[in-house]
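When reading the values below, keep in mind they use all heavy atoms of this one structure, side chains included, and skip hydrogens, waters and symmetry mates. All of these numbers come straight from a predicted model, not from anything done at the bench.
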Amino acid sequence: MPKEYRTIQEVAGPLMLVKEVEGVAYNELGEIELANGEKRRCRVLEVNGSDALVQLFENSTGINLSDSKVRFLGKQMELGLSLDMLGRVFDGLGRPIDGGPEIIPEKKADVNGVPMNPAARSYPQEFIQTGVSAIDGLNTLVRGQKLPIFSMSGLPHASLAAQIAKQAKVRGTDEQFAVVFAAMGITFEESDYFVQSFRNTGALDRTVMFSNLANDPAIERIATPKMALTAAEYLAFDKGMHVLVILTDITNYADALREVSAARKEVPGRRGYPGYMYTDLASIYERAGRQRGKEGSITMIPILTMPEDDKTHPIPDLTGYITEGQIILSRELYRKGINPPIDVLPSLSRLKDKGIGEGKTRKDHSNTMNQLFSAYARGKDAKELMVILGEAALTDIDKLYAKFADEFEKVYVSQGFNANRSIEETLDIGWKLLRILPRSELKRISEELLDQYYGKV
């Protein structure tokens, strides 16, 4: 039986100081029993001699310093794991909130995970089809990759996240594919949207969902992605499944980290965020990947809204350093009615070359991808020139490029949130657009491929 302490010294916001404790460790879980028998959970943040600073998971209302007891449980936060988690919805601390029964665990695992040995990692190289042309065709997602979506407030990143969760699959295999979806600091409406969206399309059956609402405590928000990744590691490395982890919104997670750091009176770093935010984010993102000798894999799509639409803000900035590229959403495209409003030029998937080509997608993928990027960039330049100098200043070929840029946005990028395009469809749409330009302009595509695809109508 754990020892009980009645030595609570003070409570300040989410923090509580307990005096004269023995053998208590950092990150250990604790339980506070109130005078009326109610129990609340807490976690040790800091141990200084015989003083323990603990953080409450629930609010501190009603905690009477003299009548409340604290027990330290001698273990870190754990999540009970079982295949029965698929199709279920949990809160940020892993408790069922869908009205279903408690999970009977096959095993329990520490939510902080075990760092993956770099030497045990396999290189990501299998193509994942999301059904979204701007990702599949130009910024390809590869199994085991971390590819964040940088959004802005008011843009439909939730719809894009739901679309990818519903449509994503590893092609040409009958391997089991699961989605772990963790939502942090979102509204009830958003949470309900995700649940209903997954339920209506049948995607919920292969999804484990963790939902932390905006009015839930900050400490729970910090635990949510760790819970989700613990579930993902179990499905991937114990059960051999391919798992896509979608985390939204990382900005809310970082703000919770800053709130807790401020309560601890730590020295702030950039924009008031703690100096250890880089390592904290890395401890989440680096849990994605593939392991040698294991069938399963974890592919991760973190979503974050850039504060003030600023790419240099610490959250997107540090995320960009740790992950392998980024998909950037554009307010300008959204205003034009283009959905999903993916801005393909500043977007980047650093591993796209590894997941495309013959045997993976199609042999013309690499050439057409480079040509589409090039033509779209030139078309946008031509359109800017047209705004400044008028259409008369453009050469005939520049007018064709300007037309190409418009058609590219309308047909290739804009497909709505319900269209699920195969990679062949995406590549064929690319060829149809490239036929707007004369064959002599397509300098990034080999003659052999031009003979095979450009000539076709």
> Using the ring of each side chain (for Trp, its six-membered ring), is Y376 parallel, tilted or perpendicular to F408, with breaks at 30° and 60°?
Replying inline: tilted
> Are the aromatic ring centres of F181 and F210 under 6.0 angstrom apart?
Replying inline: no
>> With a 3.5 Å distance limit and no angle check, can you tell me whether Q76 reaches the backbone of L29 through a side-chain donor-acceptor pair?
In response: no
> Are any side-chain N or O atoms of R88 and backbone N or O atoms of P101, one a donor and one an acceptor, separated by less than 3.5 Å?
Replying inline: yes
> Under 4.0 Å between a Lys/Arg side-chain N and an Asp/Glu carboxylate O for E233 and R287?
Replying inline: yes
>> Applying side-chain hydrogen bond (donor to acceptor under 3.5 Å, both in side chains), can you list everything that pairs with K336, at least two apart in sequence or on another chain?
In response: E409
>> Using only atom types and a distance under 3.5 Å, with no angle test, would you say the side chain of E78 pairs donor to acceptor with the backbone of D110?
In response: no
> Just one of I246, I250, D249 clears the side-chain contact (heavy atoms from CB on, under 4.5 Å) bar with I303, so which one?
Replying inline: I246
> Are F177 and R206 close enough that some pair of their side-chain heavy atoms sits under 4.5 Å apart?
Replying inline: yes
>> Set out, in order, the CA-CA distance, both residues' side-chain angles and the distance that settles side chain to side chain contact (heavy atoms under 4.5 Å, CB included) for I429 and L427, then state yes or no.
In response: CA-CA 5 Å; I429 291 167; L427 292 170; over 6 Å; no
> Does the side-chain hydrogen bond (donor to acceptor under 3.5 Å, both in side chains) test come out yes or no for Y253 and D280, once each step is laid out?
Replying inline: CA-CA 11 Å; Y253 170 82; D280 193 282; 2.3 Å; yes
> Looking at residues at least two apart in the chain, or sitting in another chain, which of them share a side-chain hydrogen bond (donor to acceptor under 3.5 Å, both in side chains) with H313?
Replying inline: none
>> Minimum heavy-atom separation for A158 and Y193, please, with both atom names.
In response: O-CE2, 4.0 Å
> For L304 and P316, which heavy atoms make the closest approach, and how far apart are they?
Replying inline: CD1-CB, 3.9 Å
> Is the shortest side-chain N to carboxylate O distance from E106 to K239 below 4.0 Å?
Replying inline: yes
>> Please check: side-chain N/O of T7 versus main-chain N/O of K19, any donor-acceptor pairing under 3.5 Å?
In response: yes
> Any Lys/Arg nitrogen of E295 or R290 sitting under 4.0 Å from an Asp/Glu carboxylate oxygen of the other?
Replying inline: no
> Under 3.5 Å, side chain of T251 to main-chain N/O of T305, donor-acceptor pair present?
Replying inline: yes
>> Please check: side-chain N/O of R95 versus main-chain N/O of E102, any donor-acceptor pairing under 3.5 Å?
In response: no
>> Taking R40 first and then E58, would you say they form a salt bridge - that is, a charged N and a carboxylate O separated by under 4.0 Å?
In response: no
>> What verdict does the side-chain hydrogen bond (donor to acceptor under 3.5 Å, both in side chains) test give for S414 and N339, after you've listed the backbone C-alpha separation in whole Å, the side-chain angles of each residue and the deciding distance to 0.1 Å?
In response: CA-CA 5 Å; S414 188; N339 279 315; over 6 Å; no
>> Has E46 got a side-chain atom pairing as donor or acceptor with D51's backbone, closer than 3.5 angstrom?
In response: no
